[in-house]
Every structure is written in structure tokens, then in C-alpha cells.
Amino acid sequence: MVYPPRQFAVTDRAEAETVMSAYPFATFVASGADGLVTARTPVVLERDAEGRVTALLGHVSRANPVWQAVGEGADALALFSGPRAYVSASAYPSKAEHGRAVPTWNYVAAEAHGRLTAFDGADDLRALLEALTGRFEDGRAEPWAVSDAPQDYVDALLRGITGLRLAVSSVTAVKKLSQNKAGTDFDGVLAFLDAEPEPDAHQTAGLMRELERG
């Protein structure tokens with residue numbers, strides 16, 4: 001499980017699920033017959049009538065041995081990573097006063113644990129691709145749909161992939177966004193990240209501001 005220091009842990013499951021929804025490219029790690037196997041895929045979140053996430057669905061190439069390794073089902077987890085950024089000890093104004101400061105990283109992450117199985121029915125795979133496409137094309141000026149491609153072309157592609165379904169048993173998340181800093185030190189981290197060239201640093205600063213606003 002994700003190690004959740006108290007001040008950084010996301011204790012509300014619905015909030016933890018928003019991390020998965022916001023950053024839906026997952027890394028599956030499963031315990032196969034010969035050891036650990038991995039797969040990386042965008043996922044669709046399957047929910048029950050109350051809106052609780054019950055499963056994660058993605059797909060891999062049939063050449064990826066992960067679907068064979070999981071057999072009839074395997075214990076697995078899905079890892080989700082949001083923005084992350086290095087924070088230098090120099091970001092804290094208090095460092096000049098007492099020197100008790102060290103570098104760290106701010107980040108957002110989530111894990112879903114459960115049972116991973118594979119599926120390869122053409123109808124199920126097409127439904128998955130349509131759901132994924134709808135998720136990532138939504139809001140675009142000219143959204144692409146699976147039906148835009150020739151049927152024989154889509155059928156050939158479907159034969160080349162395998163679906164993965166993680167039946168979710170638990171979800172954990174961490175938002176480490178300098179909650180353990182206050183006043184000028186918190187503001188110092190914001191200023192440091194704003195000045196960094198990496199987009200992840202700016203996104204992390206934006207999440208810190210959201211946290212500050214409550």
C-alpha cells in the first residue's frame with residue numbers, strides 16, 4: 001500500500017478516486033506465476049450505482065505477456081501518478097535562520113488494489129476503446145470516434161490487443177503538497193516552483209494553491 005504520512009494521506013475514498021480520474025494513465029503491477037509483471041495503459045473507471053469505483057479497464061498489445069501471466073486472475077495494483085516536483089532546501093526562508101532544512105519532493109499519487117484478469121471478446125474490447133476515446137476526445141473541436149475508422153481496420157486492431165480488468169478492492173492516495181509547512185516557508189515553496197522551468201513544477205504549485213484555498 002501507499003505509505004500515507006498522516007498530514008499527506010487522502011483519507012476519503014471519493015477524493016482518492018478523483019486522483020485516479022484526473023491522472024488516468026496507470027501502471028498495473030501483478031503477481032504472475034513467474035514473478036511480477038507490469039503493463040502501462042490508459043484506463044476507464046467503472047463505477048457502481050453510488051458512483052464508487054469498482055473496476056479499472058485498460059488494454060495492452062497481445063504481444064505483451066502480462067495477460068498470459070495473470071492466468072485466471074492475479075493479485076495486482078494500479079499505480080497513478082500526478083504532478084511531482086523537486087523542492088530545494090533553499091526554497092525555505094527559515095533555512096537562513098536555523099539551517100534545519102532538507103530537499104524533498106511534492107507529488108500526488110494513488111494506488112488501487114484488487115484482482116487483475118484479462119479479456120479478449122471483440123464486443124468488450126470495442127466498448128472499451130469507445131469509452132477511452134470518448135473520455136480523451138471529449139471537448140475537442142473535432143473529436144475522433146472509433147466509428148470514424150473503417151470497420152475492417154478496427155477489427156484487425158482489436159485482434160491485436162487484450163483487455164485488462166482490475167476489480168478494485170481498495171484505493172489509497174497521497175497528496176504531499178507542503179502541508180507540513182506554513183507561512184513564509186509555504187510561500188517560499190510556491191515561489192520556488194513558479195520559477196522552475198518544468199511544467200510539472202507549475203502544476204504542483206497550482207495544486208498547492210488549491211489546497212491553500214481549501
Side-chain angles (χ1 to χ4, degrees), residues 1-29 40-48 50-58 77-114 132 135-140 166 168-214:
M1 302 288 281
V2 161
Y3 168 62
R6 185 171 56 185
Q7 67 267 50
F8 308 135
V10 177
T11 57
D12 178 70
R13 173 157 173 161
E15 184 182 355
E17 290 176 355
T18 65
V19 177
M20 298 191 298
S21 180
Y23 310 106
F25 193 88
T27 298
F28 287 127
V29 183
R40 295 163 184 82
T41 175
V43 295
V44 170
L45 279 59
E46 193 173 84
R47 300 178 184 270
D48 61 19
E50 286 72 43
R52 185 184 179 96
V53 174
T54 57
L56 306 171
L57 289 87
L77 58 87
L79 305 174
F80 297 82
S81 295
R84 82 284 297 173
Y86 175 75
V87 179
S88 171
S90 64
Y92 308 120
S94 63
K95 173 182 173 292
E97 302 171 15
H98 48 62
R100 294 190 296 275
V102 294
T104 189
W105 283 76
N106 277 1
Y107 64 94
V108 173
E111 293 182 6
H113 292 240
L132 284 168
R135 164 69 171 81
F136 296 111
E137 292 286 335
D138 183 47
R140 298 183 183 276
L166 180 74
V168 175
S169 58
S170 64
V171 176
T172 59
V174 171
K175 292 182 178 180
K176 184 178 179 296
L177 298 169
S178 296
Q179 296 96 317
N180 57 334
K181 302 298 179 183
T184 58
D185 277 351
F186 187 90
D187 293 341
V189 175
L190 283 175
F192 174 84
L193 295 177
D194 285 341
E196 289 290 276
E198 296 86 4
D200 261 22
H202 301 160
Q203 294 174 26
T204 303
L207 293 175
M208 288 177 62
R209 290 188 169 95
E210 290 180 14
L211 179 72
E212 189 178 31
R213 289 193 295 267

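These numbers were taken from a predicted model, which means no experiment stands behind them.
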**Message:** Could you check whether any side-chain heavy atom of V189 comes within less than 4.5 Å of a side-chain heavy atom of N106, counting everything from C-beta outward?
**Reply:** yes
**Prompt:** Under 4.5 Å between any side-chain heavy atoms of Q179 and F8, yes or no?
**Reply:** yes
**Prompt:** Hey, which of L56, T54, L77 is the one that makes side chain to side chain contact (heavy atoms under 4.5 Å, CB included) with V168?
**Reply:** L56
**Fill in**
Heavy-atom nearest pair, S81 first then Y23, reads O-CB, 3.6 Å
**Pairs flagged by ring pair (Phe, Tyr, Trp, His ring centres under 6.0 Å) wherever residues 173-204 is involved - sequence neighbours left out** = none
**Request:** Answer yes or no: is there a side-chain heavy-atom contact under 4.5 Å between E212 and D187?
**Result:** yes
**Minimum heavy-atom distance S21-R135, with the two atoms named** = O-NH2, 2.9 Å
**Request:** Working to the nearest 0.5 Å, report the span between CD of E46 and CZ of R52.
**Result:** 14.0 Å
**Asked** Given side chains that start at C-beta, do those of T172 and V174 come closer than 4.5 Å, heavy atoms only?
**Response** no
**Message:** With a 3.5 Å distance limit and no angle check, can you tell me whether E196 reaches the backbone of A201 through a side-chain donor-acceptor pair?
**Reply:** no
**Asked** Which heavy atom in A110 sits nearest to a heavy atom in M20, and how many Å separate them?
**Response** CB-CG, 4.0 Å
Throw together a table of side-chain donor-acceptor distances under 3.5 angstrom for residues 87-98, partners on residues two or more places apart or in other chains.
unit_1 : atom_1 : unit_2 : atom_2 : d
S88    : OG     : S90    : N      : 3.1
S88    : OG     : S90    : OG     : 2.8
S94    : OG     : D185   : OD1    : 3.2
S94    : OG     : D185   : OD2    : 2.7
H98    : ND1    : R100   : N      : 2.9
H98    : NE2    : S94    : O      : 3.4

**Prompt:** Knowing that exactly one of E15, Q7, E210 qualifies, which makes a side-chain hydrogen bond (donor to acceptor under 3.5 Å, both in side chains) with K175?
**Reply:** E15
**Request:** Locate the shortest heavy-atom distance separating T204 from P83; write the atom from each residue and the value.
**Result:** OG1-CB, 3.5 Å
**Request:** Give a yes or no answer on whether the side chain of R84 reaches the backbone of G82 with a donor-acceptor pair at less than 3.5 Å.
**Result:** yes
**Message:** If I take atom CD from residue Q203 and atom CG from residue L193, how far apart are they, to the nearest 0.5 angstrom?
**Reply:** 11.5 Å
**Prompt:** Hey, what do you get for CZ (F25) to CZ (R40), rounding to the nearest 0.5 Å?
**Reply:** 8.0 Å
**Asked** Between S169 and H113, is there a donor-acceptor pair closer than 3.5 Å when you use the side chain of the first and the backbone of the second?
**Response** yes
**Message:** Measuring from atom CD of E111 to atom OG1 of T27, what distance do you get when rounded to the nearest 0.5 angstrom?
**Reply:** 11.0 Å
**Item:** Closest non-hydrogen atom pair between A16 and V171, with its separation
**Value:** CB-CG1, 3.7 Å
